[in-house]
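Quick notes on the structure that follows.
A, B, ... follow the sequence lines: proteins, then strands. Residue 1 opens every chain.
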Amino acid sequence: MHILLGVGGSELSYQALDQTIERAREAGDDLTVAIFDNEEMDTDSEAIAQRVRETLDETGFEASIRHIDGDPGSRLVDIAESESFDRIVLGSGERSTLGKIQLGSIAEFVLLNAQTPVTLIR
Amino acid sequence: MTRRYPDEPADAFPAPPRQLTDREGRSIQLRRADGTDRTALIEMYKKFDPADRAQGIPPARETAIERWLETILDDDCHNVVASHDGDLVGHATLVPDDQEGYELAIFVLSAYQGAGIGTELVETLLGLGQSEGIDRVWLTVERWNDAAIALYRKVGFETSNSERFEREMAIRLA
């Protein structure tokens with residue numbers, strides 16, 4: 001399978017990276033990591049890419065990394081469709097201190113609009 | 001990310017302790033709660049209808065309920081419980097966020113829903129908040145939960161963000 005993992009710099013997105021690497025290794029999947037700036041997170045895509053590369057080095061897993069511009073949700077959906085990915089993976093659904101799960105706007109867009117199966121890691 | 005609050009503060013809310021009669025004629029006590037109510041709250045949440053859970057809370061398993069209560073019964077949080085015949089039937093909590101506001105949540109056992117207890121619980125918790133000098137309170141609610149949205153609106157909450165998966169509502173207390 002060809003997996004498209006979106007990483008926007010939230011803690012859950014890095015958790016999703018760890019889990020997806022582990023799963024892809026077991027299943028023999030090809031992994032593409034799509035890095036984007038998440039407005040809700042105030043992150044910078046170079047710093048995210050750096051951390052993704054470190055994680056890949058540490059685990060010795062090979063994956064391609066690419067940066068996506070524009071609206072992250074719609075770009076992820078487009079890329080998955082136009083390049084025939086089999087699955088989109090995203091980490092989202094952080095909990096407030098009170099404990100309520102809050103789905104981010106990017107994850108919501110992808111879940112509602114993707115024609116590709118989506119795995120939400122939370 | 002800054003949260004939007006109404007410009008105008010709400011009027012004064014009643015503070016606990018209070019006693020009222022619900023629409024089913026039951027006598028309900030509302031009072032402040034703290035860490036000493038932990039065991040009684042665990043018993044209440046074990047009886048909570050799983051279908052009434054929202055946005056991941058209350059948790060289902062007892063160990064997860066205990067962990068969750070530890071967070072929201074902490075000294076910097078404010079809690080009000082509703083009891084009937086000595087058993088807890090409702091609970092509302094204010095938990096500080098990482099900015100200057102407090103997040104609100106409320107839970108009522110299904111047998112006690114639709115009797116006006118939720119509105120009184122929220123108002124009494126906001127009254128406690130006012131007496132504690134709390135100024136800004138917000139919450140999130142599932143978009144399709146019309147009953148809860150109507151309740152919050154009646155109390156004075158205004159929608160502050162409706163573009164996310166959950167509707168966010170806020171009130172200014174002072």
Which atoms of [X] come close to chain A, meaning under 4.5 Å heavy atom to heavy atom: side chain ones, backbone ones, both, or neither?
X: B:Thr140; value: both
X: B:Pro58; value: neither
X: B:Leu104; value: backbone
X: B:Glu103; value: both

Once rounded to the nearest 0.5 Å, what's the spacing between atom CD1 of A:Ile101 and atom CD of B:Glu166?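 Those atoms lie 9.0 Å apart.
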To the nearest 0.5 Å, tell me how far B:Asp98 CG sits from A:Thr97 OG1.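 Result: 6.5 Å between the selected atoms.
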May I ask you to check whether over 12 heavy atoms, not counting those of [X], lie within 6.0 Å of atom [atom1]?
X: B:Arg4; atom1: CZ; value: no
X: A:Arg87; atom1: CZ; value: yes
X: A:Glu22; atom1: CD; value: no
X: B:Gln19; atom1: CD; value: yes
X: A:Glu54; atom1: CD; value: yes
X: A:Arg122; atom1: CZ; value: no

So which atom in A:Arg95 and which in B:Ile57 form the shortest heavy-atom distance, rounded to 0.1 Å?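 Of all heavy-atom pairs spanning A:Arg95 and B:Ile57, the closest is NH1-CG2, 4.2 Å.
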